[in-house]
Participant: 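My structure is below; once you've seen it, I'll send some questions.
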Amino acid sequence: MTDQPAKGQLRKNVRLVDLIMLGAGTAIGAAIFTVLGPAAKVGGNGILIATAIAALPMALFALVYGWLASAVPATAASYEWQRRFTHPAFAFAIVWMRVLANAVVMIVYGQTLTNYLGKVIDLPAKPVMLGFFTVLFVLNYLGVAIAARLQTVLMIGLLVVLAVFVGAAGPHLRPQLFAEALAGGWLPIAAALPLMIQLFLGIETATEVGEEVEDGKRVIPLGVAGALILTIVVYLSVAFAALSLVGPQTLAASKAPLLDAAQAAVGGWATPVIVTAATLALTKSMNATFLVFSRFLFAMGRAGSLPAALGRIHPRFGTPHIATITAFAAACAGLLLPSSLLFLLLAVSVPTMLKYAGTCLAAYSAAANHPEVYDAARLKFSRGLVKALSAAGIVVALVIAALGLSTDVRPYGLIAGWLVIGLAYYAWTRRARAAAAA
């Protein structure tokens, strides 16, 4: 039975629908409530076209992730693939930076959530964030099935609320906006792209629980594809509705663009509708991030890159319970970080892009140097195609990672300092093991 794991193994009870909701649910979080305003300011109606184009880098990464998952499904796949097909030290460095990013993104989601809840009731931000972290910790500790089902329920709730918003905008929808977006030229579309790319980060989360999916080689690529398609549909629908209701100038001037757009459609009901949507979106994004965060720590403990205790599995719940406790502690520690959202967002996006680059490098190596992996893949891409997609993914990821240098260099310093600490720890543990073996 899939709900009774063998000793030392994770439970295989994550379904296709859970994977789709896990990937889409990670992507559809804070960005949908924060990016539309700044993007409309530089892109105008062109953000409709920019949204579709911004999905292309993620589609590229999704193809690479999907191919690797169809060959070697793994929990904490980004780490395991890089460890196996590049070099353990390289994999450690990339995922060590992701440990910081995961703690930071929990704070980003928590801050945005409390900001929206504050429109209804005055609440102390950090105690509320701590309360959400605690609930998610308990649910993830008790089992991946509980966390995955919660993700699915929250995502369905969000889709219903957003459908109400788009439906209310129905009489006001202006199909001519697409023509107007193109008539405005490509310059505003290009200007909005760096912001709109943020909308799609996290879709690959569906690959990170590979050992907890039955028939992962077939199911995981479908989950990644489904998550990408669902995310594109949601973002295009919401952007189209918001632009039709209030236009790009109002969105650009607004501190809460979706709220202002909803007020044009449903009046006084706008605040509860959008606050409900924000609560659902951000809670499920925190849940997905927490789930994957614990899996990274688990995989690194299992591989010996971090203390072995992190690789333990609870004998009753079949969860990486020590890694889950550690992820909770790290998220709580993140409450001490500066509150600047720009600072925090850059600290998240840079390690994410480096993770994408590392996974693309692993895919290139697997196709070029590991014929047994290439032959095992359920997605029968040619070697040349895998290598071309991987090389393109590396270039795209590095370019996007560098875009923030002109905005704020502090996150790069924070990440570099964190990386030095991690590499020092890695070198020390390797020397200690070598000395013990001798």
Side-chain angles (χ1 to χ4, degrees), residues 28-54 108-109 111-120 122 125 161-162 164-166 168-199 234-279 281-282 339-346 349 403-404 406-408:
I28 305 172
I32 193 173
F33 300 98
T34 57
V35 166
L36 282 181
K41 184 175 183 178
V42 297
N45 289 330
I47 64 174
L48 288 174
I49 308 300
T51 300
I53 297 175
V108 172
Y109 292 146
Q111 282 190 7
T112 309
L113 174 58
T114 54
N115 288 343
Y116 270 88
L117 288 175
K119 296 181 182 299
V120 177
D122 188 21
V161 175
L162 292 179
V164 169
F165 167 68
V166 175
H172 310 279
L173 293 178
R174 300 173 55 216
Q176 64 269 30
L177 285 177
F178 289 94
E180 293 175 9
L182 289 171
W186 288 99
L187 187 59
I189 294 172
L193 274 176
L195 288 167
M196 303 306 283
I197 286 172
Q198 299 285 332
L199 296 174
V234 169
Y235 280 144
L236 277 175
S237 301
V238 171
F240 181 37
L243 284 168
S244 296
L245 286 166
V246 297
Q249 289 79 19
T250 299
L251 290 179
S254 175
K255 293 182 179 180
L258 275 189
L259 180 59
D260 286 346
Q263 286 174 340
V266 296
W269 287 99
T271 297
V273 167
I274 297 304
V275 170
T276 299
T279 302
L282 293 158
S339 59
S340 166
L341 274 179
L342 178 59
F343 178 91
L344 294 175
L345 285 169
L346 286 173
S349 63
L403 289 176
S406 61
T407 305
D408 191 343

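Keep in mind that this is a model prediction, so the values were computed, not measured. Positions are given from 1 along the sequence.
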Participant: Just so I know, are the side chains of Phe240 and Thr51 near enough to count as touching, which here means a heavy-atom distance under 4.5 Å?
Facilitator: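 No, too far: nothing below the 4.5 Å cut-off.
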Participant: Measuring from Ser254:OG to Lys41:NZ, what's the distance to the nearest 0.5 Å?
Facilitator: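 Reported value, rounded in 0.5 Å steps: 12.5 Å.
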Participant: With a 4.5 Å heavy-atom cut-off, do Val35 and Tyr235 have their side chains touching?
Facilitator: no
Participant: Please give me the minimum heavy-atom distance between Ser244 and His172, naming the atom from each residue.
Facilitator: CB-O, 3.4 Å
Participant: Shortest non-hydrogen contact from Leu251 to Leu243?
Facilitator: CD1-CD2, 3.7 Å
Participant: Rounded to the nearest 0.5 Å, what's the gap from CD1 on Ile189 to CG on Leu182? Could you check?
Facilitator: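 Answer rounded to 0.5 Å: 5.5 Å.
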Participant: Is any side-chain heavy atom of Val120 closer than 4.5 Å to a side-chain heavy atom of Thr271?
Facilitator: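 In contact.
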Participant: Taking all atoms of both residues into account, what is the closest heavy-atom pair of Gly37 and Pro257, and its distance?
Facilitator: N-CG, 3.7 Å
Participant: Search all heavy atoms of Ala278 against all heavy atoms of Tyr116 and return the closest pair with its distance.
Facilitator: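 For Ala278 versus Tyr116, the nearest heavy atoms are CB-CG, 3.6 Å.
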Participant: Using 0.5 Å steps for rounding, measure from the CG atom of Leu36 to the CG atom of Asp260.
Facilitator: 11.5 Å
Participant: Could you tell me the separation between the CG atom of Leu199 and the CD1 atom of Ile28, rounded to the nearest 0.5 Å?
Facilitator: 9.5 Å
Participant: Rounded to the nearest 0.5 Å, what's the gap from CZ on Phe178 to CG on Asn45? Could you check?
Facilitator: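 Separation between the atoms: 10.0 Å.
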Participant: Would you say the side chain of Ile47 lies within less than 4.5 Å of the side chain of Pro248, judging by non-hydrogen atoms?
Facilitator: no
Participant: Write down the atom of Thr279, the atom of Leu113, and the distance for their closest heavy-atom approach.
Facilitator: CA-CD1, 3.5 Å
Participant: Under the criterion side chain to side chain contact (heavy atoms under 4.5 Å, CB included), I'd like the reasoning laid out for Trp186 against Ile53: C-alpha separation, chi angles, the key distance, then a yes or no.
Facilitator: CA-CA 11 Å; Trp186 288 99; Ile53 297 175; 3.6 Å; yes
Participant: Which heavy atom in Leu258 sits nearest to a heavy atom in Ala242, and how many Å separate them?
Facilitator: CD2-CB, 4.4 Å
Participant: Mind checking the OG1-CD spacing from Thr250 to Gln263? Nearest 0.5 Å is all I need.
Facilitator: 11.5 Å
